[in-house]
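Single-structure report; data block below.
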Amino acid sequence: MNDRAGAARRVRVWDLPVRLFHWTLVALLATSWISAEIGGNAMQIHEWSGMSVLALVVFRLAWGFLGSTHARFTSFVRSPLEALRYGRTLFSPHSPRHLGHNPLGGWMVLALLASLTVQAGTGLFANDDIMIEGPLAVHVSKDTSDLLTQVHEISFNVLLVLVTLHIAAALFYLLFKRENLIVPMITGSKNVDDDAPPSRGGSVWLAALLLGLSAGAVWLVARG
């Protein structure tokens, strides 16, 4: 359903697991960046942070199939053609609004998840040629580890571009389209039309179980 300005009521859109995933990921990415810049002993923190990011990504992929209405990929992943049509209306004051991610936003979510997977996955095999190497680096040759380290560094730049676009889009919607996408990711609710249904499903207990399984899987993989 679409919502309009001057909405009559508020409904829950983003469940607690999605919101915690989003803001925890922000904190972990900042931790990973800062620890990499510091280097030295801080690289141990960088490694733990990276594995935590990977666990979160695995969880989000599972939650994309088992989570609440607007957390599911089926609710926001649209065809490239539909995303293009939406993009053509982006600067129109009458472009449709969406309870969850719009068609372009859905593709941004997929791009971010893919970039995070590459970033965290290659980090498992990376090395800094000094004192720290990823937990799986011992299972590949030094040349392979060096190659994956280069991919890890390049993919971080790609991730930075995507994050910048993500932030710019949120500001664009806030300032130009007068639609606040930031507050709902904190409160979970949006102003909507009377006929807009709330998000359904999304058990917190199921989310906790999936997160635990995701963290366990990453830990087992990291053990080699």
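The model shown is predicted, which means the values in this text are computed figures rather than measured ones. Worth knowing before you read on, the calculation uses all heavy atoms, side chains too, and leaves out hydrogens, waters and symmetry mates.
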Run the side-chain donor-acceptor check on residues 157-166: report pairs under 3.5 Å with partners two or more places apart or on a different chain.
unit_1: Thr164; atom_1: OG1; unit_2: Leu160; atom_2: O; d: 2.8

Tabulate below the donor-acceptor pairs under 3.5 Å that side-chain atoms of residues 201-217 make, not counting sequence neighbours, or state none.
unit_1: Ser203; atom_1: OG; unit_2: Trp205; atom_2: N; d: 3.2
unit_1: Ser203; atom_1: OG; unit_2: Leu206; atom_2: N; d: 3.2
unit_1: Ser214; atom_1: OG; unit_2: Phe59; atom_2: N; d: 3.3
unit_1: Ser214; atom_1: OG; unit_2: Leu210; atom_2: O; d: 2.8

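Met51 is listed as a side-chain neighbour of Pro135, based on a closest heavy-atom distance under 4.5 Å. A heavy-atom distance below 4.5 Å is not found between the side chains of Ile132 and Asn127. Contact of the Pro103 side chain with the His98 side chain is registered, since non-hydrogen atoms from C-beta on lie closer than 4.5 Å. Annotation: side chain of Met43 is not in contact with side chain of Ile38 (no heavy-atom distance under 4.5 Å). The shortest distance between side-chain heavy atoms of Leu99 and Val11 falls below 4.5 Å. The side-chain heavy atoms of Thr149 and Asp128, taken from C-beta on, include no pair separated by under 4.5 Å. Looking at heavy atoms from C-beta onward, Trp107 lies out of side-chain contact with Leu112 at the 4.5 angstrom threshold.
Sequence neighbours left out, the pairs with a member in residues 81-92 that pass salt bridge (charged side-chain N to carboxylate O under 4.0 Å, His left out) are Arg78-Glu82. For residues 118-160, every residue pair satisfying the ring-ring contact (aromatic ring centres under 6.0 Å, His included) rule, not counting sequence neighbours, is listed here: Trp33-Phe156. Residue pairs meeting the side chain to side chain donor-acceptor pair (under 3.5 Å) criterion with at least one partner in residues 21-30, sequence neighbours excluded, do not occur; the list is empty. Residue pairs meeting the salt bridge (charged side-chain N to carboxylate O under 4.0 Å, His left out) criterion with at least one member in residues 42-60, sequence neighbours excluded, do not occur.
Residues Ile45 and Leu28 are members of separate hydrophobic clusters, defined by side-chain heavy-atom contacts under 4.5 angstrom among Ile, Leu, Val, Met, Phe, Trp and Tyr. A continuous path of Ile, Leu, Val, Met, Phe, Trp and Tyr side chains, each step under 4.5 Å between heavy atoms, connects Val13 with Ile186, placing both in one hydrophobic cluster. In the hydrophobic cluster analysis, where Ile, Leu, Val, Met, Phe, Trp and Tyr join through side-chain heavy atoms closer than 4.5 angstrom, Leu54 is grouped apart from Leu116. Taken together through direct or relayed side-chain contacts under 4.5 Å among Ile, Leu, Val, Met, Phe, Trp and Tyr, Val26 and Val18 form part of one hydrophobic cluster.
The distance from atom CG of Leu136 to atom OG1 of Thr122, rounded to the nearest 0.5 Å, is 11.5 Å. Here the CG atom belonging to Leu66 is positioned 6.5 Å from the CZ atom belonging to Arg72, to the nearest 0.5 angstrom. A distance of 11.0 Å separates CG of Leu29 from OG of Ser52, quoted to the nearest 0.5 Å. Here the straight-line distance linking atom CD of Gln119 with atom OG of Ser155 works out to 3.5 Å at 0.5 Å rounding. Of the inter-residue distances, the one linking Ser141 atom OG with Leu148 atom CG reads 9.0 Å to the nearest 0.5 angstrom. Annotation: the span from Asp15 atom CG to His70 atom NE2 amounts to 10.0 Å, rounded to 0.5 Å.
The hydrophobic cluster containing Leu81, built from Ile/Leu/Val/Met/Phe/Trp/Tyr side-chain heavy atoms closer than 4.5 Å, comprises no other residue.
No donor-acceptor pair closer than 3.5 Å links the side chain of Lys190 to the backbone N or O of Asn180. Between the side chain of Thr144 and the backbone N or O of Val140 there is no donor-acceptor pair closer than 3.5 Å. For the pair Ser115 (side chain) and Ala111 (backbone), a donor-acceptor distance under 3.5 Å is absent.
Listed by chain and residue number, Trp14, Phe76 satisfy the ring pair (Phe, Tyr, Trp, His ring centres under 6.0 Å) test with His101 (two or more places apart in sequence, or in another chain). Remark: Glu153 pairs with no residue by the salt bridge (charged side-chain N to carboxylate O under 4.0 Å, His left out) rule, at least two apart or across chains. Under the rule for a ring pair (Phe, Tyr, Trp, His ring centres under 6.0 Å), the partners of Phe65 that lie at least two apart in sequence or sit in another chain are Phe73. Partners of Thr89 by side chain to side chain contact (heavy atoms under 4.5 Å, CB included), not counting sequence neighbours, listed by chain and number: Tyr86, Ser95, Pro96. With sequence neighbours left out, the salt bridge (charged side-chain N to carboxylate O under 4.0 Å, His left out) criterion links Asp129 to Lys142.
Taking all atoms of both residues into account, the shortest heavy-atom contact from Gly50 to Ala120 is O-CB, 3.8 Å. Nearest heavy atoms, Phe21 versus Val57: CE1-N, 4.3 Å.
For Ser189 and Arg12, the side-chain atoms include at least one donor-acceptor pair closer than 3.5 Å.
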